[in-house]
Number of protein chains: 2
Amino acid sequence: MEGKAKRILIADDEPDILEIVSYNLSKEGYEIYTAKDGNEAIERAKQLNPDLIILDIMMPKKTGIEVCEILRTQAMFQHTLIIFLTALSDESSQIKGLETGADDYVNKPISPKVLISRVNALFRRTNTKPSESKTLSIGNINIDPVKFMVMIDGKDVILAKKEFELLYLLASRPGRVFLRNEILSQVWGNDVIVGDRTIDVHIRKVRQKMGVDCITTVKGVGYKFDV
Amino acid sequence: MEGKAKRILIADDEPDILEIVSYNLSKEGYEIYTAKDGNEAIERAKQLNPDLIILDIMMPKKTGIEVCEILRTQAMFQHTLIIFLTALSDESSQIKGLETGADDYVNKPISPKVLISRVNALFRRTNTKPSESKTLSIGNINIDPVKFMVMIDGKDVILAKKEFELLYLLASRPGRVFLRNEILSQVWGNDVIVGDRTIDVHIRKVRQKMGVDCITTVKGVGYKFDV
DNA sequence: CTTCCATGTTAACAGTATGTTTACACAAAA
DNA sequence: TTTTGTGTAAACATACTGTTAACATGGAAG
């Protein structure tokens, strides 16, 4: 059910707001990142590629509107959710915000509960597209079967097909030990017969390419992905 | 340009509201249908299978909340957008509404313009796929599907039709890997049968003409546009 | 300490997926 | 008609994957 912690970037120049929102959303199981002004928001967005960006409108350097406009011109952020969170409650600001390409517009003073509800509602709606939803996140490791990509601390790791399938299997149940037989039947298929060392060699390649050792050997049993 | 007029069902027991909302949304090009109470809303929803349902909460027969709950149990309405439009502005109602499975919650008195913005925002998000003829920018690469042109660092690159379609598909989701099958069905169409090397040849031509290598091969899987 | 066995490591091999080039049919433009 | 360019196919070249085999290592049991 879980699988993936959504990443949320919050940009606001008021530390109080950052703290309140961060606290409440992280309690809901989201991974929270923050930025203090418009420029920092753009920079961090590019680094993190978050699932949702919450933007204050009145910020130093660049306003939330400007940030939104800039991000929306980039293909990378075409599908990123954006919520404006602002004290400007007048009608035209709201319309402007939504037309800039935001997905929601919430007025301050904010109620944490309402914000959480709206965030959840946004994710509920986008989650229904099953294509993007199988991404695994364990710590700072990101495994995306759609992009066929592994990211560690924001850096890409290119794995071959079998290597990726192997890693994905292990990472799908972090901490759980997979017997060699299980791995064979899941990654190679039941009817394929391969030598004993084949799994080891692939494990080695994955370990090597990832740099981080997140796969533990359980001698006489199999392998597991470290939690 | 546009595909097809979106259908919106509005349920409210106040004729005035029905009229104002209907008028404003139909002016935007939507097809509008109405219902006067909860039961009628459910009935008409089943008949019409609308793209969006706008529900008043305080209605005779069944409240908007009840209607929403009932609809959401039906597979048919799992992906239908729902907006609550209500005079109940208190926080808990809003939360309740959103948690029932609604996609937005707008308070009365309504501003037609705000409502329109929010409706548009919802559809913008779900419209995703087909020919979202928007200019894409990735880094210093600009792809304009209207002019059928690609610019790199301000310099024009002329691509043939198929080449352009291929590039545009990949660039529409930078980082995402497209399987060979996907590429075939999206660029060539489902029924067309072409040889194995055809995709490669086109990829090569695109790479060649662009000068920059922004397309990565994922062996055994497909191709992706580098982020 | 020695032995044994499971796994780690490395290099090399074969098969396959993709890259590359050329050629040709066909359509559009001139 | 000629000319030019596009899309596809075929043939060959290349690079990489997946696999094996041979050997190294390391820990546990005796």
Side-chain angles (χ1 to χ4, degrees), chain A residues 145 148-150 156-170 177-226, chain B residues 143 145 147-150 156-170 177-226:
Chain A
F148 218 89
M149 246 179 52
V150 179
D156 279 13
V157 176
I158 311 287
L159 295 183
K161 201 170 146 204
K162 276 263 162 25
E163 292 162 10
F164 187 89
E165 285 167 6
L166 173 58
L167 176 65
Y168 191 74
L169 174 68
L170 295 181
V177 176
F178 287 84
L179 313 180
R180 295 174 91 89
N181 289 334
E182 282 184 285
I183 296 174
L184 273 180
S185 63
Q186 297 274 335
V187 177
W188 274 263
N190 284 310
D191 39 344
V192 184
I193 301 164
V194 290
D196 262 9
R197 299 274 64 72
T198 302
I199 293 181
D200 309 320
V201 173
H202 282 271
I203 289 276
R204 163 156 171 72
K205 286 178 180 167
V206 172
R207 280 174 170 157
Q208 206 167 253
K209 288 190 180 176
M210 297 201 25
V212 192
D213 195 6
C214 51
I215 298 174
T216 301
T217 306
V218 182
K219 260 195 125 171
V221 187
Y223 296 91
K224 70 169 180 174
F225 194 98
D226 297 327
Chain B
I143 306 175
K147 296 180 186 169
F148 225 89
M149 251 178 47
V150 180
D156 278 13
V157 175
I158 312 290
L159 294 184
K161 198 170 146 208
K162 277 267 168 6
E163 291 161 10
F164 187 89
E165 285 167 7
L166 174 57
L167 176 65
Y168 191 75
L169 174 67
L170 295 181
V177 173
F178 288 84
L179 312 181
R180 285 169 160 267
N181 291 334
E182 284 183 282
I183 295 174
L184 273 181
S185 63
Q186 298 272 336
V187 177
W188 273 265
N190 283 309
D191 39 345
V192 184
I193 301 164
V194 291
D196 261 9
R197 299 274 63 73
T198 302
I199 293 182
D200 309 320
V201 172
H202 283 268
I203 289 276
R204 161 152 173 75
K205 287 177 180 167
V206 172
R207 280 175 170 156
Q208 207 167 251
K209 289 189 180 176
M210 297 198 31
V212 193
D213 195 6
C214 52
I215 298 175
T216 301
T217 306
V218 183
K219 261 199 126 167
V221 187
Y223 295 91
K224 70 170 180 174
F225 195 99
D226 296 328

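Just so it is clear: chains get the letters A, B, ... in the order the sequence lines come, proteins before strands, and each one is counted from 1.
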Enquirer: Does atom NZ of A:Lys161 have more than 12 heavy-atom neighbours, drawn from other residues, nucleotides or ligands, at distances under 6.0 Å?
Expert: no
Enquirer: Picking from C:dT21, C:dG19, C:dT7, which would you name as closest to the side chain of A:Thr217?
Expert: C:dT7
Enquirer: Considering just the side-chain nitrogens and oxygens of B:Tyr223, establish if one lies under 4.0 Å of OP1 or OP2 belonging to C:dG19.
Expert: yes
Enquirer: Is there side-chain contact between B:Met210 and B:Leu167, with heavy atoms separated by less than 4.5 Å?
Expert: yes
Enquirer: Whole-Å distance between D:dG7 P and B:Ile183 CD1?
Expert: 16 Å
Enquirer: Nearest whole Å is fine: how far is C:dT7 P from A:Ile199 CD1?
Expert: 10 Å
Enquirer: Within the structure, does a side-chain N or O atom of A:Arg180 lie under 4.0 Å from either OP1 or OP2 of C:dT7?
Expert: yes
Enquirer: Does C:dG8 have its OP1 or OP2 closer than 4.0 Å to a side-chain nitrogen or oxygen of A:Arg204?
Expert: no
Enquirer: Measure from CD1 on B:Ile203 to P on D:dT6 and round the result to the nearest Å.
Expert: 17 Å
Enquirer: For B:Lys205, what residues pass the salt bridge (Lys or Arg N to Asp or Glu O under 4.0 Å) criterion, not counting sequence neighbours?
Expert: none
Enquirer: Base, sugar-phosphate, or nothing for A:Phe164, non-hydrogen atoms under 4.0 angstrom?
Expert: nothing
Enquirer: Would you give a per-nucleotide map of nucleotides 13-30 of chain D, 5' to 3', where B means the base has a protein non-hydrogen atom under 4.0 Å away, S means only the sugar-phosphate does, and - means neither?
Expert: --BBSBBB-B---B----
Enquirer: Salt bridge or not for A:Arg180 and A:Asp200, using N-O below 4.0 Å?
Expert: yes
Enquirer: Is there a side-chain contact between B:Arg207 and the phosphate of C:dT20, meaning an N or O under 4.0 Å from OP1 or OP2?
Expert: no
Enquirer: What pairs with B:Arg204 under salt bridge (Lys or Arg N to Asp or Glu O under 4.0 Å), at least two apart in sequence or on another chain?
Expert: none
Enquirer: Take A:Gln208 and A:Val218, find for each the nucleotide of DNA chain C with the closest heavy atom, and name the residue whose nucleotide sits nearer the 5' end.
Expert: A:Val218
Enquirer: In sequence, state the C-alpha distance, the side-chain angles, and the governing distance for B:Ile193 and B:Trp188, and then conclude on side-chain contact (heavy atoms from CB on, under 4.5 Å).
Expert: CA-CA 8 Å; B:Ile193 301 164; B:Trp188 273 265; over 6 Å; no
